[in-house]
**Student:** 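Quick one: the structure is below, and I'll ask about it shortly.
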Amino acid sequence: MSLKKMAKLFKKKINMRISRIMLLCSILICASCKTETKKEKEMVQDVKTEVKAPSFKYWTWITADPAKSESEYTTEFKKYKENGIDAVLINTLTDPEVLKKLTPLAKKEGLEVHAWMFTMNRPGDEVALQHPEWYAVSKEGKSCYDTRPYVDYYQWLCPTRKESRNHILGLVENLAKVEGITSVHLDYIRYSDIFLPIGLLPKYNLVQDEELPEFDFCYCEVCLQTFEKEHHKNPKDVKNTAIDMEWKQFRLNQIKRVVDEAYEIVHKYDKKLTAAVFPYPEMADHMVRQRWDKWNIDEVLPMIYHNFYNEEVDWIGYATDQGVKDLEGRETKLHTGVYLPPMSAEDVSEAIRLAKENGASGISFFDGNALTEEQFKAIKASKK
């Protein structure tokens, strides 16, 4: 082979090696760029998430008023936002059309919107009233369809009966479909009060030292048959149902089932599930057959209405701490709920401090229309 041919061949091999090296470098550079781009995206996403959700959220419950105009609602929502409120829980009597009208108005002013609904207690429900068999029955054998415990708007449905449960879950789904809401918010997600808060007993001229049969629910045929199939006994044959733990747990499980099924529904529409609950789990268990620390739920708003229980403001901290501890190990967030009418601005400031110091993720005020200028100032000042 001539020297000229050998030089040409050598040059060709060198060029091939250079090409391979350049290709390898290009691959490494691209991979590095993708890694950096991914990291940058993750950093941006983290910032977005951080900005989106306040570290301590302020809520208020309100009820839709058909007499209010859109401009009046805009003024109301603007006032909430300017004074430190982050989220509104709106009761539209489970009407998704009303919710569709109000949601963009509230969101435009920078507020989260949560669809607040009456769940097991369905006063004036036109569909349910066509089905008397759907209603909860007391130990006395009286139905909430025509005999209401305590007050006339207590019209409780049975959580065990498939038809009544599906009716409620259908209402949940209709609200979950509304674009722009953050959560469906379950209220009255329990049985009727077996015990009233002690501060309310004089109002009804009642003494409740034991479980009274007229306030003990539900003893409908479906509940009795379902329980008997599982436990081989009828609660009506038990001498003291107050100490029958299986019967009590059965009812706790019926409410949990409604919540857990609602959770699956709302998450299908990329919404959260929230609920108004009694002050802390053990208390809720005792008073209304509600054990909310066992539920599949995103956030709970315990109604820590201290004056209902003849307690002082510091009880808000105690009850918040109890609930937070009972939720340890779960992803559920707790937001302390307070009742405004008897509270001074100083009390509101103290309630906020107690909620924060005892681990709450936020605080909610019942209700928006009751907020005074002084209370607004206290809320706004606490956010600085």
Side-chain angles (χ1 to χ4, degrees), residues 50-62 76-90 106 109-114 116 182-183 185 187 197 199 272 274-281 283-284 292-293 297-328 332-384:
E50 190 177 339
V51 171
K52 188 177 178 182
S55 57
F56 189 84
K57 190 184 296 183
Y58 293 71
W59 316 53
T60 190
W61 285 280
I62 67 170
E76 181 179 354
F77 294 144
K78 189 184 294 290
K79 185 175 185 179
Y80 292 146
K81 186 62 181 179
E82 288 176 350
N83 287 282
I85 300 297
D86 303 302
V88 285
L89 303 122
I90 307 177
E109 301 308 320
L111 296 169
E112 273 187 7
V113 178
H114 301 259
W116 168 24
T182 299
S183 85
H185 181 72
D187 197 1
K272 291 182 179 181
T274 59
V277 294
F278 266 53
Y280 53 91
M283 191 174 188
W292 48 262
D293 57 326
I297 195 161
D298 297 294
E299 301 179 73
V300 289
L301 283 67
M303 300 173 288
I304 306 177
Y305 299 169
H306 63 287
N307 55 308
F308 285 22
Y309 302 93
N310 294 341
E311 299 285 355
E312 297 178 2
V313 175
D314 64 350
W315 190 71
I316 292 171
Y318 166 78
T320 297
D321 179 60
Q322 289 293 312
V324 168
K325 285 177 178 174
D326 281 335
L327 288 172
E328 281 180 3
T332 305
K333 292 181 179 179
L334 183 148
H335 302 261
T336 301
V338 297
Y339 187 72
L340 287 170
M343 299 183 77
S344 65
E346 291 75 18
D347 287 341
V348 169
S349 297
E350 180 67 1
I352 294 168
R353 183 186 68 79
L354 290 165
K356 287 180 177 179
E357 289 184 357
N358 286 281
S361 297
I363 189 166
S364 188
F365 305 99
F366 187 84
D367 64 355
N369 290 326
L371 277 160
T372 65
E373 292 301 324
E374 290 74 20
Q375 290 169 338
F376 270 131
K377 287 178 183 176
I379 292 167
K380 194 172 182 179
S382 74
K383 299 191 84 169
K384 292 180 180 178

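This one's a predicted model, so the numbers in the text were calculated from it and none came from an experiment. Heavy-atom basis, side chains included; hydrogens, waters and symmetry copies ignored.
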**Student:** With a 4.5 Å limit on heavy-atom distance, are the side chains of T320 and I304 in contact?
**Tutor:** yes
**Student:** Would you sort out whether L334 and L327 count as a side-chain contact (heavy atoms from CB on, under 4.5 Å), showing the intermediate values?
**Tutor:** CA-CA 8 Å; L334 183 148; L327 288 172; 4.0 Å; yes
**Student:** Within the 4.5 Å heavy-atom criterion, are L371 and I379 side-chain neighbours or not?
**Tutor:** yes
**Student:** Would you call R353 and E357 a salt bridge, taking side-chain N to carboxylate O under 4.0 Å as the test?
**Tutor:** yes
**Student:** Could you list the residues that satisfy side-chain contact (heavy atoms from CB on, under 4.5 Å) with S382, not counting sequence neighbours?
**Tutor:** Y58, I352
**Student:** For the atom pair CH2 (W116) and CH2 (W59), what is the distance rounded to the nearest 0.5 Å?
**Tutor:** 13.0 Å
**Student:** Please name all residues satisfying side-chain contact (heavy atoms from CB on, under 4.5 Å) with K380, sequence neighbours left out, ordered by chain then number.
**Tutor:** N83
**Student:** Taking only residues two or more places apart in sequence, or in another chain, which ones meet Y305 in a side chain to side chain donor-acceptor pair (under 3.5 Å)?
**Tutor:** none
**Student:** For V277 and M303, what are the C-alpha separation, side-chain angles and deciding distance, and is it a side-chain contact (heavy atoms from CB on, under 4.5 Å)?
**Tutor:** CA-CA 6 Å; V277 294; M303 300 173 288; 5.8 Å; no
**Student:** Just by distance, no angles: are the side chains of H185 and W61 close enough, under 3.5 Å, to form a donor-acceptor pair?
**Tutor:** yes
**Student:** Could you report the tightest heavy-atom contact between F278 and A284, atom names first, then the distance?
**Tutor:** CB-CB, 3.6 Å
**Student:** Check the pair K383, D86 against salt bridge (charged side-chain N to carboxylate O under 4.0 Å, His left out), reporting the backbone distance first and the verdict last.
**Tutor:** CA-CA 11 Å; K383 299 191 84 169; D86 303 302; 2.9 Å; yes
**Student:** Starting at CE of M343, measure out to CG of N307 and round the result to the nearest 0.5 Å.
**Tutor:** 8.5 Å
**Student:** Between E109 and K78, does any NZ, NE, NH1 or NH2 come within less than 4.0 Å of an OD or OE carboxylate oxygen?
**Tutor:** yes
**Student:** Between L301 and T336, is there a side-chain heavy-atom distance shorter than 4.5 Å?
**Tutor:** no
**Student:** Evaluate side-chain contact (heavy atoms from CB on, under 4.5 Å) for E311 paired with Y318, printing each intermediate quantity in order.
**Tutor:** CA-CA 11 Å; E311 299 285 355; Y318 166 78; over 6 Å; no
**Student:** Can you tell me how far the OG1 atom of T60 sits from the CD atom of Q375, to the nearest 0.5 Å?
**Tutor:** 10.0 Å
**Student:** Okay, side chain of T332, backbone of I297: is any donor-acceptor separation there less than 3.5 Å?
**Tutor:** yes
**Student:** Checking E112 side chain against S183 main chain: does a donor-acceptor pair fall under 3.5 Å?
**Tutor:** no
**Student:** Which heavy atom of P197 sits nearest a heavy atom of F308, and at what distance?
**Tutor:** CB-O, 3.4 Å
**Student:** Kindly give the heavy-atom pair with the smallest separation between W292 and Y280, and that separation in Å.
**Tutor:** CZ2-CA, 3.4 Å
**Student:** I'd like to know if the side chain of E299 pairs up with that of H335 as donor and acceptor (distance under 3.5 Å, no hydrogens or angles considered).
**Tutor:** yes
**Student:** Report the residues that fulfil side chain to side chain donor-acceptor pair (under 3.5 Å) with E76, sequence neighbours left out, ordered by chain and then residue number.
**Tutor:** K68, Y80
**Student:** If you take all heavy atoms of K272 and D298, which pair is closest and at what distance?
**Tutor:** CA-OD2, 3.3 Å
**Student:** What pair of heavy atoms forms the shortest contact from G199 to N310, and how long is it?
**Tutor:** CA-OD1, 3.5 Å
**Student:** Enumerate, atom names and distances included, each donor-acceptor pair closer than 3.5 Å involving a side-chain atom of residues 358-368, sequence neighbours excluded.
**Tutor:**
residue: N358; atom: ND2; partner: L354; partner atom: O; Å: 2.8
residue: D367; atom: OD1; partner: A370; partner atom: N; Å: 3.2

**Student:** Please lay out, stage by stage, how I62 and L89 fare under the test side-chain contact (heavy atoms from CB on, under 4.5 Å).
**Tutor:** CA-CA 6 Å; I62 67 170; L89 303 122; over 6 Å; no
**Student:** Sub-3.5 Å donor-acceptor pair from the side chain of K81 to the main-chain atoms of G110, do we have one?
**Tutor:** yes
**Student:** Between G323 and P281, which heavy-atom pair has the shortest distance, and what is it?
**Tutor:** CA-CD, 4.1 Å
**Student:** Which residues satisfy the side chain to side chain donor-acceptor pair (under 3.5 Å) test with E373, sequence neighbours excluded?
**Tutor:** K79
